[in-house]
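Before any comments, here is the structure.
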Amino acid sequence: MDNCIFCKIIKGEIPSFKVYEDELVYAFEDINPITEGHTLIIPKKHSQDLWEIEAESLTAVHLASKKIMDAIKKVLKPTGVVAMQLNGKSVGQAVFHYHLHLMPRYEDTPPLPVARWELTPGNMDKIRETTEKIKAALR
Ligand code: AMP
Ligand code: ZN
């Protein structure tokens, strides 16, 4: 895609801190890292989000994430890693080329706000109703 910043990174038109590449995937360091080792993993074939991405690219991105997670664990020794992916402007997606964030956490870094929310029990009738709606749409 011509005006996509991540497509330009894949083509080498914009510089990046590449950590991994294979036939289907490219992975590089986020230049606004939330913690050390904040890595983005993207499919080489452009697709906007989880609604649009094809199974082959999706599988490749997530298999690469496992490799990179192992490498991050080995060299950076985080206490944990958040694997996060945003779909849509309303939830904060800023770059519209599918990307999986790997965000390591260390002893001295505060928990990511997105990984912490107050647990309030929902309305079980409403949850059951929603379950049925999603199940019906999956058929
Ligand atoms: P999102 O909000 O999930 O769309 O996140 C987009 C991410 O891309 C942000 O964390 C940015 O810091 C990151 N980003 C944007 N441009 C670049 C770039 N040229 N190189 C590396 N990371 C980038
Ligand atoms: Zn793109």
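Just so you know, these numbers come straight off a predicted model, no measurement behind them. As the structure lists them, so they are numbered: ligands from 1, and atoms in each ligand from 1.
- Rounded to the nearest 0.5 angstrom, M103 CE and I72 CD1 are separated by 11.5 Å.
- The closest protein non-hydrogen atom to atom 20 (N) of ligand 1 is I31 CG1, 3.5 Å.
- Close placement of the H99 and H101 rings is indicated, their centers lying within 6.0 Å of each other.
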Point to revise | I41 and Y20: CA distance, side-chain angles, deciding distance, side-chain contact (heavy atoms from CB on, under 4.5 Å) verdict | key: CA-CA 9 Å; I41 309 165; Y20 176 81; over 6 Å; no

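- Atom CD of E56 sits in a sparse spot, with 12 or fewer heavy atoms from other residues, nucleotides or ligands closer than 6.0 Å.
- An N or O contact shorter than 3.5 Å is missing between I9 and ligand 1 by distance.
- Under 4.0 Å from ligand 1, the heavy atoms of F6 that appear belong solely to its side chain.
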Point to revise | Stepwise side-chain contact (heavy atoms from CB on, under 4.5 Å) check, L50 with Y98 | key: CA-CA 7 Å; L50 192 52; Y98 184 95; 4.0 Å; yes

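- The contact set between ligand 1 and F28, taken as ligand atoms under 4.0 Å from a residue heavy atom, comprises 20 (N), 21 (C), 22 (N).
- Here C4 contributes SG and H97 contributes ND1, and at the Zn ion (ligand 2) these two atoms make an angle of 110°, given to 10°.
- Remark: distances from the non-hydrogen atoms of E29 to ligand 1 include one below 4.0 Å.
- Partner of I42 under the side chain to side chain contact (heavy atoms under 4.5 Å, CB included) criterion, chosen from I10, L100, V95: I10.
- Residue-ligand proximity, N32 to ligand 1, at heavy-atom distances under 4.0 Å covers atoms 11 (C), 12 (O).
- Counting heavy atoms closer than 4.0 Å to ligand 1, residue H99 contributes side-chain atoms (C-beta onward) but none from N, CA, C or O.
- For atom 4 (O) of ligand 1, the nearest protein heavy atom (residue, atom name, distance) is A94 N, 2.7 Å.
- Of the protein's non-hydrogen atoms, the one nearest atom 7 (C) of ligand 1 is D30 OD2, 3.6 Å.
- Against a heavy-atom cut-off of under 4.0 Å, L40 is close to the following atoms of ligand 1: 8 (O), 13 (C), 22 (N).
- Closest N/O/S atom of H46 to the Zn ion (ligand 2): ND1.
- For the salt bridge (Lys or Arg N to Asp or Glu O under 4.0 Å) with D70, the lone residue among K73, K66, K74 that qualifies is K66.
- Of the heavy atoms in L86, only side-chain atoms (C-beta onward) come closer than 4.0 Å to ligand 1.
- Under a 4.0 angstrom heavy-atom cut-off, F96 registers as lying outside contact with ligand 1.
- Look at F17 and you'll find every heavy atom at least 4.0 Å from all atoms of ligand 1.
- In this structure, atom 2 (O) of ligand 1 lies nearest to the protein heavy atom G92 O, 2.9 Å.
- When the side chains of ILVMFWY residues are joined at heavy-atom separations under 4.5 Å, either directly or via intervening members, M84 and W117 end up in two distinct hydrophobic clusters.
- At under 3.5 Å, a nitrogen or oxygen of H101, whether backbone or side chain, sits near a nitrogen or oxygen of ligand 1.
- Ranking protein heavy atoms by distance to atom 16 (N) of ligand 1, first place goes to I5 CD1, 3.8 Å.
- Residue-to-ligand polar distances place V95 within reach of ligand 1: an N/O pair is separated by less than 3.5 Å.
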